[in-house]
Amino acid sequence: MRASRLISLLLLLQARGSMTAGELARELEVSERTVYRDVLALSAAGVPVYADRGRAGGYRLLGGYRTRLTGLTRDEAEALFLAGLPGPAGDMGLADAVAAAELKVLAALPPALRDAPARAGQRFHLDVPGWFRETGPPPWLAELARAVWRDRVVRLRYRRGDQEVTRRVWPYGLVLKNGVWYLVGRVGDDTRTYRVDRVTGVEVSEESFDRDEAFDLAGYWREQAGSFLRTMLRAAVGVRFSPAGLRQLRHLVDAPFVYDEVVAAATQPDSQGWVTTRLPVESVEVAYHQLLGLGPEVEILDPPELRELFAGAADRLRALYR
């Protein structure tokens, strides 16, 4: 435990140049007294760490000292190369930066661990996009990624239904979910989420914004993911499912809670095992394409326009196979 903390302290000083005992204590989640003891231990081990006194003082490493990555275990080294995510990094225009960073890490590893990237690559592969999705990145993803890195205000053109809207956005972060990229940003006093594949134009300004350092992208996404999906499900349709249709529905809906709600709202099965229930959907058009694949395993009860769409599809199929 202490050895790991000493390495963390050393890497923090390498990365940030100078840090006070209080700052180190907060980062390492220990007391300042523990930091003092750890600094003494590093000095005794030959690491040239010293303290600047005064108001702007703090601990720093002498003369740009750098440590080699000799403290890594084999598991840690192999996990490090698994964390590169070359596919998503390439989508954001960072493939060259990731490759260069991996080369530098590889050069710093001791000889006994230099087979770590090959071992990791032989055993694990990350295929991010969902099945039957295009694998290419959205057109404006790299531009948005650069704006996110540089904290630059963007003018975003976005397709919403049949309309195109324009928003002035502070781009806080990008999220990859099931092969789909989302932009999280501030618009006025609100935090909003946009699908990047619906962005039709991006203008990155020279204006910077002051990022809220307390904003937690991962925490925000966890809290908003469920409600975000629910906001998309603006309608509901009445349906009857056969036992086979209800089983197949699980593979058609995007969120598990939708299937759970459908089952919870279902009536008792009739003599043939069919149940009546309500299905939350994004729109009548989406419901038509979503449920059409179930064929005779589903009956649409309402709304009338969706029932007419299915009746029309049934008539066309009957004409084809007559």
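- Taking 4.5 Å as the limit, some side-chain heavy atom of L291 sits within range of a side-chain heavy atom of L249.
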side-chain contact (heavy atoms from CB on, under 4.5 Å) assessment of D270 paired with T276: CA-CA 9 Å; D270 63 16; T276 300; over 6 Å; no
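- When side chains are defined from C-beta on, Y220 counts as touching V184, because their heavy atoms get closer than 4.5 Å.
- For the pair L42/Y59, no side-chain contact is recorded, criterion being any heavy-atom separation below 4.5 Å from C-beta on.
- Salt-bridge annotation for R278 and E261: absent, with no side-chain N of the basic residue lying under 4.0 Å from a carboxylate O of the acidic one.
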Evaluation steps, side-chain contact (heavy atoms from CB on, under 4.5 Å), between R186 and F209: CA-CA 10 Å; R186 296 282 293 178; F209 63 88; over 6 Å; no
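- Across all their heavy atoms, V169 and G185 have their closest contact at CG1-CA, 3.9 Å.
- Closest of all the heavy-atom pairs between V281 and A236 is CG2-N, 4.2 Å.
- Residues L61 and L13 meet the side-chain proximity criterion, which asks for heavy atoms closer than 4.5 Å.
- No side-chain N or O of T193 forms a donor-acceptor pair with one of Q224 less than 3.5 Å apart.
- In this structure, R150 and S208 approach most closely via the heavy-atom pair O-OG, 4.4 Å.
- P303 places a side-chain heavy atom less than 4.5 Å from the side chain of L306.
- Contact detail for W170 and D210: the closest heavy-atom pair is CZ3-O, 3.8 Å.
- Across all their heavy atoms, D197 and V180 have their closest contact at OD2-CG1, 4.5 Å.
- When side chains are defined from C-beta on, R60 counts as touching Y50, because their heavy atoms get closer than 4.5 Å.
- Each of V239, L246, V253 was checked for a side-chain contact (heavy atoms from CB on, under 4.5 Å) with V262, and the lone residue meeting it is L246.
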